[in-house]
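Below is one structure, written out as structure tokens; comments come after it.
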Number of protein chains: 2
Amino acid sequence: MATVASAKSRRTASRETRRRQLIDATLKCIARKGMGNTTLGDVAREAGLSQGIVNLHFESKDNLLTETLRTLANEYREQFDKTLEKSGPDPAGALLALVQMDLKPKLIDRQKLAIWFAFWGEVKSRPTYRKICDEYDRYYDSVITGLCAEVIADGAYANVTPEAAAEALTSMTNGLWLSCLISPREWDRQVAMDAIMSYLSNVFPRHYETTR
Amino acid sequence: MATVASAKSRRTASRETRRRQLIDATLKCIARKGMGNTTLGDVAREAGLSQGIVNLHFESKDNLLTETLRTLANEYREQFDKTLEKSGPDPAGALLALVQMDLKPKLIDRQKLAIWFAFWGEVKSRPTYRKICDEYDRYYDSVITGLCAEVIADGAYANVTPEAAAEALTSMTNGLWLSCLISPREWDRQVAMDAIMSYLSNVFPRHYETTR
DNA sequence: ATAATCTGAATGAATACTCATTCATTTTTT
DNA sequence: AAAAAATGAATGAGTATTCATTCAGATTAT
């Protein structure tokens, strides 16, 4: 019983702990009730804390939401980087690992998608959200374009540019998320994966053998 | 002055006219301020009418928003059907016309996209929105899957199923819309079209000649 | 060791404000 | 004159934010 550092009955916690706790509560509330119907009272209740707690730790609701988006985006980026790292030096393998990541049930469930779309839905009227998303997307785009360029060079493919291939692949995964959100019953991971593989195996045939 | 049915100074209008006017105002407000910050006062002001007007013609805000989504969806469907009709009997041509439609500046500008994403952002917490979107999507999916099946049969393509190709194409256009929303500066219709053509010309090479 | 003091995290009632909805009144049409 | 349409002030429910107060744990003094 020695090294239990944070006793569970502790009434006060460090600033960072509370902020994280509140952000987690916010994510849950947005997934359940949507962005518009999530009140600070909801967030506090979900976190098991008191009414005024959010304004104590974040100064405003606006702030809380922005930080929540940042946290969400960071989490995705960590997954992205981890996937990239684990996949070794082969660019074709890395590309496949990345698109497969986007369909992993653990990472992308309907809860998470609802949260992403909730933020995307406000992008036009909240420039800050747009900027944050753009910043991260720019990075993913550069990585994926780079991988496509390597594959194209390696296979001497003359039928596609790295930019077009990257745009096609990232757009496809984002679009597949929308299908999952709107038709959860019908939506099928296998069909989604088939769609992506139909691209890879036809555009880069010497790198992605069709198993059909 | 006899046959001027709708004089411009007319202060009262038919129910349908007013409803349409209010829905148009709602669309503008959502594009400008976002779903969450659009109030009934905003809508009334945008329409140049009085505070209580929305509740007079729609019974509630909820109702107004649902009807607005239906109108938006109908408008898109009309475009879809018109495009299909105009494109003649060739399935490959129809498919191309449909994906090109999705990138037409007239049809798809950032205003419209913002509205679509605003509704999609609420899909998870508002089952009605989901149902409406699903209903329309099911139709588009069936049409596009059918066209893909025809192209596949005609070209004897063994490398892809109609379902996978349809899913790939519709997902790609939806995903391209997200790019347009998030990176409006960078986003380029030509690159978007290249991405789609990289799919068509590689998966259905005997139907879509690469002009490169 | 014990008591006294301090600190800042947390509370939750009070405040100020927004906004959907209602409705008595006015205006327009028939 | 009666009916229909529209107005816009009033209502009240809901909610972000504030703040005086409480309290657990750390620090200091005895």
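Note on naming: letters A, B, ... go to the chains in the order of the sequence lines (proteins, then strands), and numbering restarts at 1 for each one.
Checking D/dA5, D/dT18, C/dA20 against the side-chain heavy atoms of A/Asn55 singles out D/dT18 as nearest. Counting only heavy atoms from C-beta on, A/Leu49 has its side chain closest to C/dA10 among D/dA16, C/dA10, D/dT7. Comparing C/dA10, D/dT17, C/dT21 by their closest approach to the side chain of A/Gln51 singles out D/dT17. Set against D/dT7, D/dA16, C/dT22, the side chain of A/Thr39 has D/dA16 as its closest nucleotide.
Between D/dA5 and B/His57, no contact under 4.0 Å exists linking OP1 or OP2 to a side-chain N or O. The shortest distance between the side-chain N/O atoms of A/Ser50 and the OP1/OP2 oxygens of C/dT11 is below 4.0 Å. Dashed line: the shortest gap from a side-chain N or O of B/Arg18 to OP1 or OP2 of D/dA6 is under 4.0 Å.
Across all strands shown, B/Ile53 has heavy atoms under 4.0 Å from sugar-phosphate atoms exclusively, and none from any base.
Rounded to whole Å, the distance from CG on A/Leu40 to C1' on C/dA10 is 16 Å. As a whole-Å value, the separation of B/Leu65 CG from C/dA20 P is 9 Å. Here the P atom of nucleotide C/dA20 and the CG atom of B/Leu22 are 14 Å apart, to the nearest Å. Atom CG in B/Asp62 sits about 13 Å away from atom C1' in C/dT21, given to the nearest Å. In this structure, B/Arg45 atom CZ and C/dC19 atom C1' are separated by 12 Å, rounded to whole Å. To the nearest angstrom, P of D/dG14 lies 12 Å from CG of A/Asp42. Spacing between atom CD of B/Glu59 and atom P of C/dT21 amounts to 9 Å, rounded to whole angstrom units. The NZ atom of B/Lys61 sits 13 Å away from the C1' atom of D/dG14 (whole-angstrom rounding).
Atom NZ of A/Lys61 has more than 12 neighbouring heavy atoms from other residues, nucleotides or ligands inside a 6.0 Å radius.
Distance check: B/Glu67 CD to B/Asn74 CG gives 9.5 Å after rounding to the nearest 0.5 Å. Taken to the nearest 0.5 Å, the CG atom of A/Leu56 stands 8.0 Å off from the OG atom of A/Ser50.
Taking the six-membered ring where the residue is Trp, A/Tyr76 and A/Tyr140 present perpendicular rings, their angle passing 60° and hence far from 30°.
Screening A/Met101, A/Met197, A/His207 for a side-chain contact (heavy atoms from CB on, under 4.5 Å) involving A/Leu96 leaves a single residue, A/Met197.
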